[in-house]
Number of protein chains: 2
Amino acid sequence: MTSCQEPHEKGNGPASARTRGAILKTAAGLFLERGYGGTSVDLIAAEAGVARQTIYNQFASKEALFRAIFSALADEAMMPLAVAARKGASMRAALLRLARSHVAGALSPARLALYRLVVAEAVHFPELGRAIYGVGAARVVRQLADFLREGTRLGHLDVANPEAAAEQFLSMVTGFQQFRGLMGLPAPSAEVDTRTEEAVDTFLRAFKGRPQRGMPRARR
Amino acid sequence: MTSCQEPHEKGNGPASARTRGAILKTAAGLFLERGYGGTSVDLIAAEAGVARQTIYNQFASKEALFRAIFSALADEAMMPLAVAARKGASMRAALLRLARSHVAGALSPARLALYRLVVAEAVHFPELGRAIYGVGAARVVRQLADFLREGTRLGHLDVANPEAAAEQFLSMVTGFQQFRGLMGLPAPSAEVDTRTEEAVDTFLRAFKGRPQRGMPRARR
DNA sequence: ATAGACCTAGACTGTACAGTCTAACCTACA
DNA sequence: TGTAGGTTAGACTGTACAGTCTAGGTCTAT
């Protein structure tokens with residue numbers, strides 16, 4: 001493969017920065033797609049359009065490269081919940097919006113790949129598991145818990161233990177859908193949506209607050 | 001092509017059967033412990049106290065061995081839910097018992113290992129994912145759904161969609177605990193138990209049947 | 001005893017990979 | 001122009017592995 005790519009403009013920093021970025025980005029994609037063991041340094045080099053030696057100039061080892069990638073990956077993995085309750089929206093609408101966005105995220109190919117990667121490698125890279133949990137899941141739980149606490153304070157909900165309820169909500173909403181996705185089963189979006197709605201309704205039946213105007217409590 | 005060579009009645013066929021069993025058992029343990037890629041045929045042979053050639057006499061390839069192991073693994077993976085509602089037990093007690101046993105199973109090292117393996121390999125062995133889902137998860141869901149349906153018929157519960165509710169229940173009960181386990185985080189049994197109880201209570205708040213003072217008989 | 005089915009040990013082939021080393025090469029900059 | 005930093009292709013080492021092949025060993029039924 002003849003190298004000689006277009007001459008780098010000066011001013012965008014040292015060539016090494018650009019190269020390093022390309023390596024990181026390419027390697028991240030490959031690790032997600034093929035796992036740690038399934039991704040050779042040669043492949044990363046080829047895909048990034050870079051010599052293998054260049055990778056070793058930038059990173060001490062394949063493992064070091066993986067670790068370097070990981071924190072970044074973990075950070076962007078769990079986008080913050082779109083938790084802002086809109087002013088006029090009902091609690092059900094707010095939770096549904098939130099659930100839908102969370103499910104969509106959790107079922108996206110990128111997130112499923114990340115999940116697969118982490119589950120598979122957490123044994124060899126224990127701090128990786130802790131990182132994903134801490135910067136990802138735990139943070140999302142905390143955000144949602146705050147939202148539920150606020151909803152309770154305002155009387156729209158009746159949640160005694162917001163952290164536990166948040167975990168229950170997220171588990172219920174993603175649980176089986178995500179499992180099916182990981183198992184390679186199809187996830188028709190209509191069905192996903194139905195399941196999401198049902199989960200939200202179950203959650204609301206369990207945690208509905210004091211009756212609101214126009215919302216008769218009597219329900220047998 | 002697993003065990004199709006038994007044309008002669010030779011009676012016992014002792015050596016090969018025993019050998020084959022040892023290989024299967026050893027390989028299953030190693031695959032669970034170290035994953036498919038992390039387990040070499042040499043290692044299996046050594047661990048099983050068998051020559052490598054013997055493995056190749058019994059199985060066409062490492063992959064064939066893996067597949068042969070898998071159905072067995074999938075079968076014993078999800079023990080049937082101890083779903084029998086005891087006569088005198090309250091619904092809460094029954095669900096709690098069920099939840100506890102399910103959680104204990106899901107968090108057991110063997111099941112976490114299986115889960116890890118399946119999640120990691122479902123890409124390369126798609127039918128593996130389908131098998132685990134079908135013989136495992138889907139079956140458990142069906143059982144629990146039947147139980148919920150029966151509870152609803154008796155008026156102890158009010159579940160409109162038993163399948164969906166069963167998935168919600170199982171997701172809620174195992175969701176985060178299992179995730180934490182997979183991530184290598186400690187799972188203090190006291191905390192697991194608390195979370196389990198909370199999940200059961202949430203479920204019951206959502207699906208509690210009509211008040212049961214005299215247990216009004218519901219016929220349909 | 002002997003034949004056949006099964007087993008063992010280990011040599012062997014071919015492949016893939018991590019990581020090192022070298023020598024040439026490009027670009028910037030003094 | 002020359003030097004320095006970074007890059008490149010590719011050769012090289014050592015390891016691990018899947019899978020084959022061979023030569024001989026063990027057990028069992030006839």
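Note on naming: letters A, B, ... go to the chains in the order of the sequence lines (proteins, then strands), and numbering restarts at 1 for each one.
- In this model, the phosphate group of D:dT7 is approached by a side-chain N or O of A:Thr19 to a distance below 4.0 Å at OP1 or OP2.
- Scored by the salt bridge (Lys or Arg N to Asp or Glu O under 4.0 Å) test, A:Glu198 finds A:Arg195 as partners (sequence neighbours excluded).
- A:Ile55 places its CD1 atom 10 Å from the P atom of C:dA18, with the value rounded to the nearest Å.
- For residues 41-65 of chain A, the pairs satisfying salt bridge (Lys or Arg N to Asp or Glu O under 4.0 Å) are A:Asp42-A:Arg52, A:Glu63-A:Arg67, with sequence neighbours left out.
- Residues forming a side chain to side chain donor-acceptor pair (under 3.5 Å) with B:Arg92 (at least two apart in sequence, or on another chain): B:Glu197, B:Asp201.
- Put simply, CD1 on A:Ile44 is 11 Å from C1' on C:dA18, counting in whole angstrom units.
- Evaluation of the side-chain hydrogen bond (donor to acceptor under 3.5 Å, both in side chains) test over residues 172-189 of chain B, restricted to residues two or more places apart or in two chains, returns A:Tyr133-B:Arg180, A:Glu167-B:Arg180.
- Per the geometry, CZ belonging to A:Arg20 stands 18 Å off P belonging to D:dG5, to the nearest Å.
- When the C1' atom of D:dT7 is taken as reference, atom OH of A:Tyr56 falls 17 Å away, rounded to whole Å.
- In this structure, B:Arg34 has no salt bridge (Lys or Arg N to Asp or Glu O under 4.0 Å) partners at least two apart in sequence or on a different chain.
- Between A:Phe66 atom CZ and C:dA18 atom P the separation is 13 Å, expressed in whole Å.
- Taking only side-chain atoms of B:Asn57, from C-beta outward, the nucleotide of D:dT7, C:dC7, D:dT20 with the closest atom is C:dC7.
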Between the protein and nucleotides 9-17 of chain C, which nitrogen or oxygen pairs come in under 3.5 angstrom?
from: C:dA11; atom 1: N6; to: B:Arg52; atom 2: NH2; distance (Å): 2.9

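- Put simply, B:Thr54 has no side-chain N or O that comes within less than 4.0 Å of OP1 or OP2 on C:dC7.
- Protein atom CG of A:Leu65 is 10 Å distant from nucleotide atom P of C:dG19, rounded to whole Å.
- Side-chain N/O atoms of B:Gln58 include none lying less than 4.0 angstrom from OP1 or OP2 on C:dC6.
- Using a cut-off of 4.0 Å between Lys/Arg side-chain N and Asp/Glu carboxylate O, A:Arg116 and B:Glu121 are scored as not salt-bridged.
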